Amino acid sequence: MKLYVVMPCYNEEAVLPETSKRMKKKMHKLIEEGKISSKSRVLFIDDGSKDKTWHLIETLHQEDCIFSGVKLSRNRGHQNALLAGLTVASEYADAVISMDADLQDDINAMDKMIDKYKSGCDIVYGVRSKRDTDTFFKRFTAEGFYKLLEKLGGEIVYNHADYRLMSNRALKSLLEYKEVNLFLRGIVPMVGFQSDIVEYERSERYAGESKYPLKKMLSFAFEGITSLSIKPIRMIFNLGIFIGIIGVVGLIYSLIQYISGSTVSGWTSTIMSIWLLGGLQLIAIGVIGEYIGKVYLETKERPRFIIETTLID
Ligand code: UDP
Ligand code: MG
């Protein structure tokens, strides 16, 4: 079984030496045990890093052909980088495991994933057994997000990020989904096939900083729910909320005026409806706008990533 492990890397010079060391050991062990073929590879995707990441990948590739690399023409974000890696790997591998480069995903969970693949699973999801390495805030927001997504009808594996194994046919089916607004963990369950989960403990980032600050995280969550991003329209939506709040304040004000008896009859209800309805309408336009924005981006069918260099042998 030819396995490719796909790792997107953005400015990961701080962790790559350790990641590659551990992965090399792990891959050679799996090869020795006869679990995977000697043609298996670790495929690093350099997502337009500004540091020495690509240089490190090139050196690793020269030293040991188990390491291969793909360099994107610019930074496209984690999801697109991952998709680029999966696309390339789908041409070579029988199965692909996607994993973060920062060693947060426990590489020893790979064994169980491979076992499940061998017993007939096409997709094996890595699921976090607990979240105690997260801050309270991250845990609270992440869990809230999964629940919200579920309520909104998104089929998603609870506490699963992008650590998963996919067979070649599952991968090929995934690549049939041509959407530009990528939220892979939402699309993978749609593919179907026999699937299972493997639990693992997610540790802290080995070194370097998270490439997902709060702002990016929130916008990723937003993307997941609506799968879009058109800023001006979102601003209308925010304006709607703002006006809605003013509406509530206006409502209280006009009620006070009404109680104190200094109004003509009909004024209170007129004022209230103008502000509240105005705010609500803007919110509604904003939501519709979000979906139009999504259609707009999809119709352009822009490439989701552009590969500059590929190092595989
Ligand atoms: N990443 C990427 N492109 C980006 C941001 C992140 O390829 O624009 C990669 C990053 O190198 C890492 C993975 O995506 O391998 C997850 O990012 P990170 O660990 O920073 O996110 P967190 O675990 O903090 O959510
Ligand atoms: Mg991380």
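Please read all numbers here as calculations on a predicted model, not as lab measurements.
- To the nearest 0.5 Å, the span separating CE on M27 from OH on Y4 amounts to 9.5 Å.
- No donor-acceptor pair closer than 3.5 Å links the side chain of S40 to the backbone N or O of I36.
- Using modelled atom types, one finds a donor on one side chain and an acceptor on the other under 3.5 Å when comparing H28 with D64.
- E209 CD to D102 CG: the interatomic distance, rounded to the nearest 0.5 Å, is 12.5 Å.
- No donor-acceptor pair under 3.5 Å is formed between the side chain of K35 and the backbone N or O of I114.
- Side chain of E12 to main chain of A101: no donor-acceptor pair is present (N/O by atom type, distance under 3.5 Å, no hydrogens or angles).
- Judged as a ring pair (Phe, Tyr, Trp, His ring centres under 6.0 Å), and not counting sequence neighbours, the contacts of Y163 are Y200.
- With sequence neighbours excluded, no residue forms a ring pair (Phe, Tyr, Trp, His ring centres under 6.0 Å) with Y253.
- N168 places a side-chain N or O within donor-acceptor distance of the main-chain N or O of S90, the cut-off being under 3.5 Å.
- Two rings, from H61 and F67, have their centers 6.0 Å or more apart.
- Of the possible polar contacts, one joining the S37 side chain to the K39 backbone as a donor-acceptor pair under 3.5 Å is found.
- With values rounded to the nearest 0.5 angstrom, T19 atom OG1 is found 9.5 Å from L60 atom CG.
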Q: Go through the steps for K172 and E176 under the test salt bridge (Lys or Arg N to Asp or Glu O under 4.0 Å), then give the verdict.
A: CA-CA 7 Å; K172 289 260 162 69; E176 297 282 313; over 6 Å; no

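- A donor-acceptor pair shorter than 3.5 Å can be found between the side chains of K26 and N108.
- Contact check on K21 versus E18 returns a salt bridge, with a Lys/Arg side-chain nitrogen under 4.0 Å from an Asp/Glu carboxylate oxygen.
- Under the side-chain hydrogen bond (donor to acceptor under 3.5 Å, both in side chains) criterion, E308 pairs with no residue at all, not counting sequence neighbours.
- Using a distance-only test at 3.5 Å, with no hydrogens or angles considered, no donor-acceptor pair links the side chain of S68 to the main chain of I312.
- When each of K116, Q194, R169 is checked for a side-chain hydrogen bond (donor to acceptor under 3.5 Å, both in side chains) with D122, only R169 meets the rule.
- Side chain to side chain, D47 and N75 meet the donor-acceptor criterion of an N or O pair below 3.5 Å.
- Distance NZ/K29 to CE/M110: 10.5 Å, rounded to 0.5 Å.
- In this structure, CG on L43 lies 12.5 Å from CE on M99, to the nearest 0.5 angstrom.
- Ion pair D196/K112 not flagged as a salt bridge, since none of the NZ, NE, NH1 or NH2 atoms sits closer than 4.0 Å to an Asp/Glu carboxylate oxygen.
- Side-chain atoms of R41 come within 3.5 Å of backbone atoms of D313 as a donor-acceptor pair (strictly under, hydrogens ignored).
- Remark: side-chain polar atoms of S195 are not paired, donor with acceptor, to backbone N or O of I123 under 3.5 angstrom.
- Of the possible donor and acceptor atoms, one in the side chain of S254 sits under 3.5 Å from a partner among the backbone N and O of L251.
- We find the CE-NZ distance between M1 and K118 to be 5.0 Å, quoted to the nearest 0.5 Å.
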